[in-house]
Amino acid sequence: MGYSSAPTVLGILKHLKRSKSDETSGLPSLLIRDAHIWTKNDTTRGSILVEQGKIRRIARNITERADGEILAQRLLVLPGLIDGHVHLRDMKLSYKEDFTTGTAAAAAGGFTSVIDMPNSLPPTDSAERLRERAERASGKILVNVGFHSAALNDYDEVRAMKSAGAFSMKLYMPSPIASLDIDDDKVVIQVLNAAKQASLLLTVHAEDATKFPMTGEIRTFAEMVRLRRGIAETSAVRRILRLQRPIGCRVHFCHISLPSSLSAISNRSSGHVSSEVTPPHTLLSQNQVKRLGWKAWMLPPLRSHKDTRKLFRAMKMGIPTTMATDHAPHTVKEKARTPRKSSPGIPGLETALPLMLTMVNKGKLSLGRLVSLLATNPAKVFDLRSKGRLENGADGDLVLVDLKKRGRIDPDKFFSKAHYSPFEGWKTQGVVHTTIVNGLVVYREGEITGEPGIGKVLKSGRHV
Ligand code: DOR
Ligand code: ZN
Ligand code: ZN
């Protein structure tokens with residue numbers, strides 16, 4: 001990735017340059033000249049003019065002048081990526097990550113919008129908490145940020161969370177964020193009904209930890225991963241699908257780790273059900289857990305080499321709907337403990353795009369599929385109507401990549417506070433060159449160039 005030093009928040013602040021924006025002249029315009037541009041199904045050569053934070057024009061030649069210009073002859077322009085599943089922490093978990101470092105990591109990884117999960121401290125489990133979290137984020141974020149809320153069965157509160165702009169209610173089955181007896185079907189049905197009545201998406205971490213507990217002595221991470229059985233995921237997926245069918249609310253299954261779970265979801269041909277995969281579950285297997293221990297410990301856990309290969313193939317064929325990073329930073333101290341005490345989760349925002357561009361360069365994934373998984377489809381699932389595509393009138397969220405440039409995953413250079421990765425040392429081809437959020441350059445060649453506050457707080461259903 002090639003950053004010059006390990007950046008910290010102070011590092012970021014030192015590098016801040018004021019944008020030309022001011023109250024009287026509005027946002028500066030930006031012209032990206034002579035680039036390769038991804039439009040719909042192919043790349044074409046041309047220029048993009050961004051004015052007032054929106055894409056104004058895409059054409060072969062644009063002669064008018066703009067406040068800023070990027071000559072992008074070697075670069076490929078993609079719609080800014082959208083990550084529907086990140087844990088930005090902040091508040092009482094700021095020691096793991098905060099809104100500025102997390103969104104700096106997003107910008108460095110080519111993500112221009114991210115949606116934060118509710119297992120924060122305090123948790124996002126009411127409309128009021130969601131508003132507080134959004135208020136805390138505004139002014140601190142470098143990319144656009146939306147919020148998920150915790151799954152509840154109280155209809156009035158669910159409706160209030162929807163009005164506050166929640167993108168979904170997250171049902172965390174291993175241990176629900178708000179106290180709910182989710183082993184009781186009646187309670188899950190209440191949650192599904194509340195989601196339906198409030199027209200709110202339900203996102204699900206499908207792992208049935210009660211029915212399939214991890215028992216016995218666990219000495220190694222490899223043992224831990226094997227005991228966290230795959231059937232816990234597939235059976236949870238089937239159960240939610242069975243309960244959802246008569247209700248018909250929208251359900252999005254997070255970080256599917258097994259081909260059998262994916263088949264159960266894709267056999268349901270209703271438009272109300274979608275699925276998500278992550279880079280680690282499609283690229284890494286239990287073999288890496290043996291070697292890397294806590295660095296490869298996440299939930300759901302990594303699976304067998306065979307399952308990973310099948311999941312990648314399904315992704316390549318277009319079966320899962322989206323890809324998300326599940327960026328879940330913890331301190332090394334919290335991770336480098338005994339397996340049962342180690343915190344699951346790894347940072348992912350700064351590795352996803354270089355890893356997937358490498359797959360494109362190797363001919364293992366098409367560029368079109370990459371854009372669908374990381375931009376167009378998340379925009380559809382989360383109803384971000386003006387994002388996820390390069391078109392006149394769309395938001396000025398773009399990522400410029402150098403598809404040929406080689407790099408190496410170096411966690412010391414992450415903007416995230418979590419400086420480790422199971423992909424450490426992997427050689428990549430395809431790097432993020434520049435990230436543009438709302439028409440402003442926030443990241444360029446290893447440096448954060450924008451100011452916290454450039455990112456907007458996104459609210460579901462509010463279309464500008
Ligand atoms: O690995 C994980 N980390 N899985 C989860 O479901 C939660 C996440 C976290 O918040 O750390
Ligand atoms: Zn999860
Ligand atoms: Zn997660």
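Values reported hereafter were calculated over all heavy atoms of this structure, with side chains retained and with hydrogens, waters and symmetry mates removed. In each ligand, atom 1 is the first atom listed, and ligand 1 is the first ligand listed. Values in this document were obtained by computation on a predicted structure and should not be read as measured data.
- H87 and H327 have their aromatic ring centers separated by at least 6.0 angstrom.
- At least one N/O/S atom of H255, whether from backbone or side chain, sits less than 2.8 Å from the Zn ion (ligand 2).
- For the side-chain contact (heavy atoms from CB on, under 4.5 Å) with L458, the qualifying choice from I82, V114, N144 is N144, the only one to do so.
- Nearest N/O/S atom of D326 relative to the Zn ion (ligand 3): this is OD1.
- Without hydrogens or angle criteria, D397 side chain to N438 main chain gives a donor-acceptor distance under 3.5 Å.
- For a heavy-atom separation below 4.0 Å, the residues in contact with ligand 1 are H87, R89, N119, Y172, H205, M298, L299, A328, H330, P344, G345.
- Using a distance-only test at 3.5 Å, with no hydrogens or angles considered, a donor-acceptor pair links the side chain of R89 to the main chain of P329.
- Nearest to the Zn ion (ligand 3), among the N, O or S atoms that H87 has, is NE2.
- Looking at R129 and T124, their side chains never bring a donor and an acceptor atom within 3.5 Å of each other.
- In summary, no N, O or S atom of H85 is located under 2.8 Å from the Zn ion (ligand 2).
- Looking at H205 and H255, their side chains do bring a donor and an acceptor atom within 3.5 Å of each other.
- With respect to the Zn ion (ligand 2), H205 has ND1 as its nearest N, O or S atom.
- Residues T358 and Q429 have side chains that never bring a donor and an acceptor to within less than 3.5 angstrom of each other.
- H330 and K96 share a donor-acceptor pair across their side chains, judged by distance under 3.5 Å alone.
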